Amino acid sequence: MARYIPAEIEPKWQAAWQEAGIFRAERDPQRPKYYVLEMFPYPSGRLHIGHVRNYTLGDVVARYKAARGFSVLHPMGWDAFGLPAENAAIATGVHPADHTYGNIAEMKEQMAPMGWSHDWSREFATCDPEYYGQQQAMFLDFLEKGLVYRKSAMVNWDPVDMTVLANEQVIDGRGWRSGAEVERRELTQWFFRISDYAEDLLAALDGLENWPEKVRLMQANWIGKSRGIELYFQRRDGAGEIVCYSTRPDTMRGASFIAIAPDHPVARELAEKDPALADFIAECRKGGTSEEAIEKAEKLGYDTGLRVAHPLDDTRDLPVWVANFVLMDYGTGAVFGCPAHDQRDLDFARKYDLPVQNAFYLPGQPVEVENEALVPPKSEKVAYIDHFTGLEEATGEEGINAAIDWFEARGLGKGKVQYRLRDWGISRQRFWGCPIPVVHCKSCGVVPEKKENLPIELPRDVTFDQPGNPLDRHPTWRDVPCPACGKPAQRETDTMDTFVDSSWYYARFTAPRAATPTSAEDVDYWMNVDQYVGGIEHAILHLLYSRFFARAMHECGHLPAKSVEPFDALFTQGMVTHAIYMSEGEDGRPVYHYPEEVELRDGRAFLRESGNEVQVIPSAKMSKSKNNVVDPLRIVERYGADTARWFVLSDSPPERDVEWTAAGAEAAHKHLGRVWSLSERIAGMEGAGSGDEDLLRAMHKTIHDVTMAIESFGFNAAIARLYAFTNTLQKSKAGADTQRQAMRTMAQLMAPFTPHLAEEIWARQGGEGLIASAPWPEADPAMLVEDTVTLPIQINGKRRSEITVARDLSREEVEKLALADQAVERALDGQAPKKLIVVPGRIVNVVI
RNA sequence: GCCCAAGUGGCGGAAUGGUAGACGCAGGGGAUUCAAAAUCCCCCGCCCUUGCGGGCGUGUGGGUUCGACUCCCACCUUGGGCACCA
């Protein structure tokens, strides 16, 4: 009997698949297509266990769909632009391209042993000039269609390094290298008009039935549609009005101040004559641009001295404050503060001693607000106080509608639908990204590059010895003749956000070598992505940008109308986590230990060297600095790829985080060994036996259950069913032919998960051809129906007994049998039950 | 701060509103073995009980229901995102 040696069988079958060319996707009008895509990786150079999980999930789907007769497209490539390569260039002097392509080669080598069914003939990296050149062509198309424009926007500025920082590079309000306090600085930048599509992007979420509900909800909240009103407040200095946006105009009675953004034109105007205000505005610019930083910052205000009229009472004045929590990007950059019904306004009012006045009470509870704002849901009824519209008791919704009508009728405001979604700023002041293909000319202004000059390639001869973007100081790359007038001009040196690269790669995979961004024949056949698989961390930005980009591509003729929603189904996986082993060093700081240094006994952890106990922090995100990163390559070396694949799928539901444990991998390997020995034993069997029918029933039940589980991404449940079937088969006394049939079926059901082992068993059990090309087994419905059914009997909702009855026994008969049950008789003690509930085929509940 | 999600034995987890704990790990007992490894069999939520049996139990507190891990409300904890990390 041969032993299970993955190192021998895995390379063998990988070579066989390659020889047969079965993963190469071809357009086949005879067959339905299926496009399964995993979010492509950033080439860090190290394959992470999270990648293993992601690509194995996609691989199960790809292999299953192939067995189901689909023509499968399952491509792989590289999201290759980005900050890390530039940081490496700064640290080591190696060109980002060399760094990136080196990493790609390494990662590809690490991916090969996993046995994933990717079609590598379609591989590309977003930093290939052939790819980003097409992206530049689309940028020009977008420009022509008016989908791109320039405007001024804030960036994080490091005043010591004199450079723009990514949000990630701002730590506690300071630059990560210089440690200097970061400030916000204005730059003219390029924007995509995603906010023009806000309504469409929101409305179309309803159609994405095969997306997780939580992702749709997060996107909807991100787009943030609200109905409100723009209100006009007349300045007492006679210099016009300040327009505020409000979603709660019904609370106008409680308005006690106007707050405007530090960047509001009125603030700038007043600052010209008020140095203290100018200082305050400068103070507000401290800190990063991230919403988190702005929201968490201390709420600061400055009374400008300017007053506006209260719209409900011309004799009342409202002070105009500049406040750092008001965003110029949202609404009109000005709000009216109503402390009684907004917690932030209330905190602000208490801090600066501004009046607090209720606009409504809860019905029957006329209590003035103290330190907690009264903010009931808009659907709830409130008792308005002396309301300007005449309303008394009404819901917030009704109050808002009445208020909007009231203000509009008097010309004091205009109802407006507002979105939180902002236009997408794509300018990056960095080298390692797709160059924006425009030229700045003194006479012609911003001039698009000619398409025949694309791709505008990044130069090779650059150095990273000073901060900032080397393109800015590269004269031969930067200085070019104007494409329009031919006079000396300068290239745009900003590059595109890497999210642009990943917003259309799925479309490029359908025709990766096409001379245009896409080819009509190929997108018509292959789009849309039938199943997209990736991390939940991309739930908003990447997916929203991709949805926008697909719409824009459609308008420019690069995608058909059916593809404006490019991902038919989405699955978001959880993270792979690992325990952290920690002890305290001599200096009192934590010391992290590698899993290999630690021995586990009775749920406690000890250092192998010293025997000292260490602290275990379970289930933490893998992080290099915590020494808890598991290298998938070592698992593959030790147990084989099938074990790694089986384990990442087995324990946890794919959407949830999974903790990597050495014991779990060991267990997975043990089980595969068991399946192997079972197969070897069955291969040598001869003759008839008993219980063939039972084994076949169990087999069909397993086919049914595993198929259903795969269809619903319940891979852990599918694997549990396969464990159970292994136990059944192991104990079966059925004849040799039946056992062999059961074993072949098991191999088929396991093939998407452990394809190498499945091939080997298939070959040894006399299966024809490659299991990877064999059709999926079908469950016989007749074999799934049981003659009898066991019903639990509950007394007052607690399980107390059970009865086994014929499947189609009438309700009356079941009732009779249930009442005759010993446990029920004892509980009833001669009384009649209050109620008797029979759910046919499920349960009986006797209520006493 | 805001948005979203998740919390079930010692552990990972299973369960269309219908037997809570499938399947696996760890643990205990046994078989096999000169011995060990490997393999196989049995037990395994907590508490009370010799046993039969009973009580409690799905983060916490309420609610809906004949029946709630599942639905509703509030809270706690952990994780993801917050527009220049990818």
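Keep in mind that this is a model prediction, so the values were computed, not measured. Atoms considered below: every heavy atom in the structure, side chains included; atoms not considered: hydrogens, waters and symmetry mates. Proteins get letters first, then strands, A, B, ... in listed order; numbering begins at 1 in each.
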- prompt: Is a donor-acceptor pair below 3.5 Å formed from side chain Arg842(A) to base rU16(B), judging by atom type as modelled?
  reply: yes
query: Among residues 788-796 of chain A, which contact RNA chain B at a heavy-atom distance under 4.0 Å?
result: Pro792(A), Gln794(A)
- prompt: To the nearest angstrom, how far is Arg656(A) atom CZ from rG7(B) atom C1'?
  reply: 8 Å
- line: Testing rG1(B), rG80(B), rG67(B) for proximity to the side chain of Lys296(A), the answer is rG1(B)
field: Glycosidic class, syn or anti, of rG9(B) using a 90° window around 0
entry: syn
task: Between rC82(B), rA86(B), rG13(B), spot the one nearest the side chain of Tyr42(A), thanks.
output: rA86(B)
query: How long is the line joining CD1 of Ile540(A) and P of rC84(B), in whole Å?
result: 13 Å
query: Phe499(A) side chain: which of rA86(B), rC4(B), rG18(B) is closest?
result: rA86(B)
- prompt: Between Trp190(A) and Glu492(A), does any side-chain donor sit less than 3.5 Å from a side-chain acceptor?
  reply: yes
message: Tell me whether the side-chain N/O atoms of Ser650(A) come closer than 4.0 Å to OP1 or OP2 in rG24(B).
response: no
Gap in Å between the two P atoms, one belonging to rC25(B) and one to rC43(B), rounded: 15 Å
- request: Provide the distance between the two P atoms, one in rG61(B) and one in rU70(B), to the nearest whole Å.
  value: 13 Å
- request: Could you tell me how the ring of Trp424(A) sits relative to the ring of Phe548(A): parallel (under 30°), tilted (30 to 60°) or perpendicular (over 60°)?
  value: perpendicular
message: Salt bridge or not between Lys351(A) and Glu298(A)? Use side-chain N to carboxylate O under 4.0 Å.
response: yes
message: Among rC66(B), rG1(B), rC4(B), which nucleotide has an atom closest to any side-chain atom of Lys214(A)?
response: rC4(B)
message: Does Ala667(A) reach a base, just sugar-phosphate, or nothing at all? Heavy atoms under 4.0 Å.
response: sugar-phosphate
Distance below 4.0 Å between Ser652(A) side-chain N/O and rG13(B) OP1 or OP2: yes
- request: Return the nearest nucleotide to the side chain of Leu541(A); candidates are rG80(B), rA83(B), rG18(B).
  value: rA83(B)
message: Between rG12(B) and rU65(B), how many Å separate the two C1' atoms, rounded to a whole number?
response: 32 Å
message: Parallel, tilted or perpendicular: which one describes the rings of Phe325(A) and Phe348(A), with boundaries at 30° and 60°?
response: perpendicular
message: Can you see if the side chain of Asn87(A) gets near the phosphate of rC85(B) - specifically, an N or O under 4.0 Å from OP1 or OP2?
response: no
- request: Rounded off to whole Å, could you give me the CZ-to-C1' distance for the Arg430(A) and rC84(B) pair?
  value: 5 Å
field: Glu292(A) side-chain proximity, nearest of rG13(B), rC66(B), rC82(B)
entry: rC82(B)
task: Name the nucleic acid region contacted by Asn845(A), choosing base, sugar-phosphate or nothing; use a 4.0 angstrom heavy-atom cut-off, strictly under.
output: base
- request: Pick the C1' atom in rC69(B) and in rC2(B), then give their distance to the nearest Å.
  value: 29 Å
- request: Give a yes or no on whether a salt bridge exists between Arg811(A) and Glu815(A), defined as a side-chain N under 4.0 angstrom from a carboxylate O.
  value: no
query: Parallel under 30°, tilted from 30 to 60°, perpendicular over 60°: which one fits the rings of His51(A) and Tyr55(A)?
result: parallel
Residue Arg428(A), side-chain heavy atoms: nucleotide from rC84(B), rG24(B), rA86(B) that is nearest: rC84(B)
- request: Return the nearest nucleotide to the side chain of Asp497(A); candidates are rC84(B), rG81(B), rG1(B).
  value: rC84(B)
message: Distance check, P atoms only: rG27(B) and rU49(B), in whole angstrom units.
response: 29 Å
query: To the side chain of Val839(A), which of rC85(B), rA20(B), rG18(B) is closest?
result: rG18(B)
query: Quick one, which residues of residues 715-724 of chain A touch RNA chain B with a heavy atom under 4.0 Å?
result: Asn716(A), Ala720(A), Tyr723(A)
- request: Compare the minimum distances between each of rC23(B), rA86(B), rC4(B) and the side chain of Asn221(A), then state the nucleotide with the smallest one.
  value: rC4(B)
query: How would you label the contact of Leu544(A) with the nucleic acid (heavy atoms, under 4.0 Å): base, sugar-phosphate, or nothing?
result: nothing
- prompt: Do Tyr131(A) and Trp504(A) meet the criterion of a side-chain donor-acceptor pair at a distance under 3.5 Å?
  reply: yes
- prompt: Charged N to carboxylate O under 4.0 angstrom, Asp263(A) versus Arg285(A)?
  reply: yes
- prompt: Does Gln219(A) get its side chain close enough to the base of rC3(B), under 3.5 Å, for a donor-acceptor pair?
  reply: no
field: Distance-only polar pair, side chains of Tyr545(A) and Asp497(A), donor-acceptor under 3.5 Å
entry: no
message: Does rG54(B) have its OP1 or OP2 closer than 4.0 Å to a side-chain nitrogen or oxygen of Arg799(A)?
response: no
- request: For Lys731(A), answer base if it contacts any base atom (sugar-phosphate contacts may also be present), sugar-phosphate if it contacts only those atoms, and nothing otherwise; contact means non-hydrogen atoms under 4.0 Å.
  value: sugar-phosphate
message: Check this for me, if you would: do Arg420(A) and Glu291(A) make a salt bridge, where the nitrogen-to-carboxylate-oxygen distance has to be below 4.0 angstrom?
response: yes
field: Side-chain donor/acceptor of Gln429(A) to base of rC84(B), under 3.5 Å
entry: yes
message: Taking rC34(B) as the reference, what is the distance to rU50(B) when you measure between their P atoms (whole Å, please)?
response: 42 Å
query: Taking atom C1' in both rG55(B) and rA5(B), what distance in whole Å separates the two?
result: 35 Å
Geometric class of the Trp432(A)/Phe81(A) ring pair [parallel <30°, tilted 30-60°, perpendicular >60°]: perpendicular
field: Straight-line distance of Ile223(A) CD1 to Arg422(A) CZ, nearest 0.5 Å
entry: 14.0 Å
